[in-house]
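All heavy atoms count here, side chains included; hydrogens, waters and symmetry mates do not.
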Amino acid sequence: MNPLTNPFSPGAGNQPPELAGRAELLRRVEILLARVKAGRSEQSMFMVGLRGVGKTVLLNRVREIAVAQGYQALLIEAHENKPLPQLLLPPLRQTLFALDRMQNVSQKVKRGLRVLRSFIGAVKVKVGDAEFGLDIDPETGSADSGDLEADLAELFVAVGEAAADRGTAVAIIIDELQYLAEAEMSALIMAIHRVSQRNLPMVLIGAGLPQLVGLAGKSKSYAERLFTYPEVGALSAADAAQALQGPVTSQGVTFTPEALAEVYRVTQGYPYFLQEWGYQSWNLAAQSPIDLALIRQTTIASTKRLDSSFFRVRFDRLTPREKDYLCALAELGIGNQRSGGVAERLGVKVQTIAPLRSSLIKKGMIYSPAHGDTAFTVPLFDQFMLRTMPEGSRKAVVQTP
């Protein structure tokens with residue numbers, strides 16, 4: 001079949017041709033945004049899920065919904081090497097300028113800009129090598145204490161008041177929230193809490209790996225009441241079939257039931273992998289229908305491509321000790337494993353590898369589903385580790401302090 005008309009789109013955050021299995025979650029987002037804009041109280045939202053489940057795709061769709069409802073929508077991606085103020089200030093500045101350009105002068109918007117200037121002076125944010133600035137006088141005594149929790153809350157309130165004065169609302173949408181430091185998460189939660197207490201038209205919708213729930217709760221005890229935490233997981237067999245069959249039907253192409261069942265088995269229903277298998281099967285197929293034999297060829301091609309890209313970029317960020325840890329975790333089998341089991345597999349005490357485990361959690365490679373348990377954040381990464389580092393290939397570097 002013609003590769004130019006291939007409807008599938010594997011890639012980081014690429015919008016799939018069929019957003020299957022997410023209708024109910026997006027409906028909840030629509031209600032949340034509509035209620036906040038109408039001045040009604042509603043909990044903000046943190047979506048949680050493993051890699052490859054489509055969290056970034058969902059956040060892009062959230063932004064589209066917010067804009068359609070008349071929001072000023074800020075889409076931000078957190079980064080392990082960028083402080084929170086550096087992430088927030090450029091889009092907040094852009095938002096306030098957009099509000100300032102609306103008809104008539106708004107003193108609330110002008111004040112918002114002055115508070116933003118105060119905040120900038122307090123945190124001294126740099127974008128690249130240049131110091132981020134704003135050529136207006138600051139609002140002295142507001143958001144200028146140097147305490148991130150207090151100052152960010154004052155800034156959010158000022159932005160919320162400016163939006164209310166303009167009859168609009170602000171949606172702050174943040175991806176990869178697990179990369180925030182605990183103090184930054186605490187400040188972010190406190191800021192949105194202050195906005196919520198004043199019933200201002202601002203909402204925070206974010207996404208992150210499963211450790212996000214624990215990070216939020218550890219940062220502020222009231223976080224569990226301030227947010228909902230919908231889980232974004234693998235698709236059901238029916239939704240996975242729709243994600244594959246839906247995009248090709250208009251071109252007169254079908255998957256046989258056996259082919260759909262095999263793709264679901266090998267991908268475990270994870271959206272990123274469904275796109276990869278769909279993409280490769282289309283390019284390999286000479287004609288319709290796409291059958292089981294072709295899917296077996298597809299699995300070989302898809303696995304090879306994933307090993308050289310999706311998995312490899314994560315593997316190459318690891319130290320030799322971290323690779324050994326993940327190899328041992330993979331050798332224990334599928335699913336959650338006890339940390340003690342990993343230590344036993346490596347021939348060391350649990351305390352010895354605790355810092356290593358913490359480092360891997362920080363890098364977003366593993367998480368703790370329950371106390372003492374460890375699991376991969378990247379689906380199918382255990383199989384990649386076994387292919388890349390077969391049993392017996394580990395070095396004795398794990399015991400090195």
**Study point:** Cation-aromatic face contact R101/F97, 6.0 Å, 45 degrees
**Key:** no
Review point. Which residues pass the salt bridge (charged side-chain N to carboxylate O under 4.0 Å, His left out) test with R28, sequence neighbours left out?
Key: none
Review point. Is the shortest heavy-atom distance from the side chain of D324 to the side chain of P320 under 4.5 Å?
Key: no
Review point. Are side-chain heavy atoms of R22 and V53 found at a separation under 4.5 Å?
Key: yes
Practice item. Report yes if some heavy atom in the side chain of Y325 is under 4.5 Å from a heavy atom in the side chain of L356; otherwise report no. Key: yes
Practice item. Would you confirm whether E77, through its side chain, and D175, through its main-chain N or O, come within 3.5 Å as a donor-acceptor pair? Key: no
Check your understanding: Below 4.5 Å, heavy atoms only, C-beta onward: do M47 and V29 meet side chain to side chain?
Key -> yes
Practice item. Could you list all the ring-ring contact (aromatic ring centres under 6.0 Å, His included) pairs where at least one residue sits in residues 154-189, not counting sequence neighbours? Key: none
Review point. What residues form a side-chain contact (heavy atoms from CB on, under 4.5 Å) with Q268, not counting sequence neighbours?
Key: Y270, L380, Q383
Exercise for review: Using atom types as modelled and distance alone, determine if a side-chain donor or acceptor of Q43 lies under 3.5 Å from a backbone N or O of R225.
Suggested key: yes
Point to revise | Nearest-0.5 Å distance, CG of residue L113 to CG of residue D100 | key: 5.5 Å
Exercise for review: Taking the side chain as every heavy atom from C-beta outward, state whether K108 and L99 have any atom pair closer than 4.5 Å.
Suggested key: no
Side-chain donor-acceptor pairs under 3.5 Å in residues 226-236, sequence neighbours left out?
{"from": "Y229", "atom 1": "OH", "to": "A223", "atom 2": "O", "distance (Å)": "3.2"}
{"from": "S236", "atom 1": "OG", "to": "D239", "atom 2": "N", "distance (Å)": "3.1"}
{"from": "S236", "atom 1": "OG", "to": "D239", "atom 2": "OD2", "distance (Å)": "3.3"}

Review point. Would you find a donor on one side and an acceptor on the other, under 3.5 Å apart, between the side chain of T377 and the backbone of L50?
Key: no
Practice item. Over all heavy atoms of both residues, which pair between S142 and R111 is shortest? Give the atoms and the distance, please. Key: OG-NH2, 3.3 Å
Review point. Hey, does the side chain of S281 reach the backbone of I295 with a donor-acceptor pair shorter than 3.5 angstrom?
Key: no
Show me the donor-acceptor pairs within less than 3.5 Å that the side chains of residues 357-364 make with the rest of the protein, sequence neighbours left out.
{"from": "R357", "atom 1": "NE", "to": "S339", "atom 2": "OG", "distance (Å)": "3.1"}
{"from": "R357", "atom 1": "NE", "to": "T374", "atom 2": "OG1", "distance (Å)": "2.8"}
{"from": "R357", "atom 1": "NH2", "to": "S368", "atom 2": "OG", "distance (Å)": "3.3"}
{"from": "R357", "atom 1": "NH2", "to": "D373", "atom 2": "O", "distance (Å)": "2.7"}
{"from": "R357", "atom 1": "NH2", "to": "T374", "atom 2": "OG1", "distance (Å)": "3.4"}
{"from": "S358", "atom 1": "OG", "to": "A354", "atom 2": "O", "distance (Å)": "3.2"}
{"from": "S359", "atom 1": "OG", "to": "E322", "atom 2": "OE2", "distance (Å)": "2.6"}
{"from": "K363", "atom 1": "NZ", "to": "R317", "atom 2": "O", "distance (Å)": "2.9"}
{"from": "K363", "atom 1": "NZ", "to": "E322", "atom 2": "OE1", "distance (Å)": "2.8"}
{"from": "K363", "atom 1": "NZ", "to": "E322", "atom 2": "OE2", "distance (Å)": "3.4"}

**Study point:** P247: partners by side-chain contact (heavy atoms from CB on, under 4.5 Å), with sequence neighbours left out
**Key:** P7, F8, P17, E18
Point to revise | Heavy-atom check, side chain of S9 versus side chain of Q15, under 4.5 Å | key: no
Exercise for review: May I ask you to test the L116-L155 pair for a side-chain heavy-atom distance under 4.5 Å?
Suggested key: yes
Check your understanding: With sequence neighbours left out, which residue pairs that include part of residues 49-67 fulfil the salt bridge (charged side-chain N to carboxylate O under 4.0 Å, His left out) condition?
Key -> R51-E176, R61-E64
Revision key, fill the gap. Taken to the nearest 0.5 Å, the spacing of E262 CD from T298 OG1 works out to 10.0 Å
Practice item. Sequence neighbours left out, what passes side-chain contact (heavy atoms from CB on, under 4.5 Å) with E344? Give chain and number order. Key: none
Point to revise | Check: S118 main-chain N/O paired with E139 side-chain donor or acceptor under 3.5 Å | key: no
Practice item. Tell me, please, which residues at least two apart from E30 pass salt bridge (charged side-chain N to carboxylate O under 4.0 Å, His left out). Key: R27
Point to revise | Neighbour count >12 (heavy atoms, 6.0 Å) for atom CD, Q197 | key: yes
Practice item. Return the minimal non-hydrogen interatomic distance between I290 and A285, and the atom names on each side. Key: CG1-CB, 4.1 Å
Practice item. Kindly check if the number of other-residue, nucleotide or ligand heavy atoms within 6.0 Å of CZ (F311) is above 12? Key: yes
Check your understanding: Ignoring hydrogens and geometry, is there a side-chain-to-backbone donor-acceptor pair from T168 to G70 under 3.5 Å?
Key -> yes
**Study point:** Non-hydrogen side-chain atoms of L33 and E42 separated by less than 4.5 Å
**Key:** no
Practice item. Measure across L326 and I366 and return the closest heavy-atom pair with its distance rounded to 0.1 Å. Key: CD2-CG2, 3.5 Å
Check your understanding: Is the backbone N or O of L180 less than 3.5 Å from a side-chain atom of E80, with the two atoms forming a donor-acceptor pair by type?
Key -> no
Check your understanding: Residues in salt bridge (charged side-chain N to carboxylate O under 4.0 Å, His left out) with K37, at least two apart?
Key -> none
Review point. Should we say atom CZ of R198 is surrounded by more than 12 heavy atoms from elsewhere, each under 6.0 Å from it?
Key: no
Point to revise | Main-chain N/O of G39 paired to N199 side chain as donor or acceptor, under 3.5 Å | key: yes
**Study point:** Atom of Q280, atom of S302 and distance for their closest heavy-atom approach
**Key:** CG-OG, 3.2 Å
Revision key, fill the gap. Looking only at heavy atoms, the pair that brings A330 and M385 closest together is CB-CB, 3.9 Å
**Study point:** Counterpart residues, salt bridge (charged side-chain N to carboxylate O under 4.0 Å, His left out), relative to E182 (two or more places apart)
**Key:** K218
Point to revise | N283 side chain vs P3 backbone, donor-acceptor pair below 3.5 Å | key: no
Check your understanding: Between S186 and E149, does any side-chain donor sit less than 3.5 Å from a side-chain acceptor?
Key -> yes
Practice item. Would you name the heavy atoms of A143 and E154 that are closest together and state the gap between them? Key: N-OE1, 2.7 Å
Point to revise | Heavy-atom neighbours of I334 CD1 exceed 12 at 6.0 Å | key: no
Exercise for review: Verify, without hydrogens or angle tests, whether Q72 (side chain) and A98 (backbone) share a donor-acceptor contact under 3.5 angstrom.
Suggested key: no
Practice item. Mind jotting down which residue pairs meet the salt bridge (charged side-chain N to carboxylate O under 4.0 Å, His left out) criterion with at least one end in residues 280-309? Sequence neighbours excluded, please. Key: E276-R305, D307-R387
Exercise for review: Report the relative orientation of the aromatic rings in F376 and F381; use parallel for angles under 30°, tilted for 30 to 60°, perpendicular for over 60°.
Suggested key: tilted
Check your understanding: Is the distance between the ring centroids of F273 and F310 less than 6.0 Å?
Key -> yes
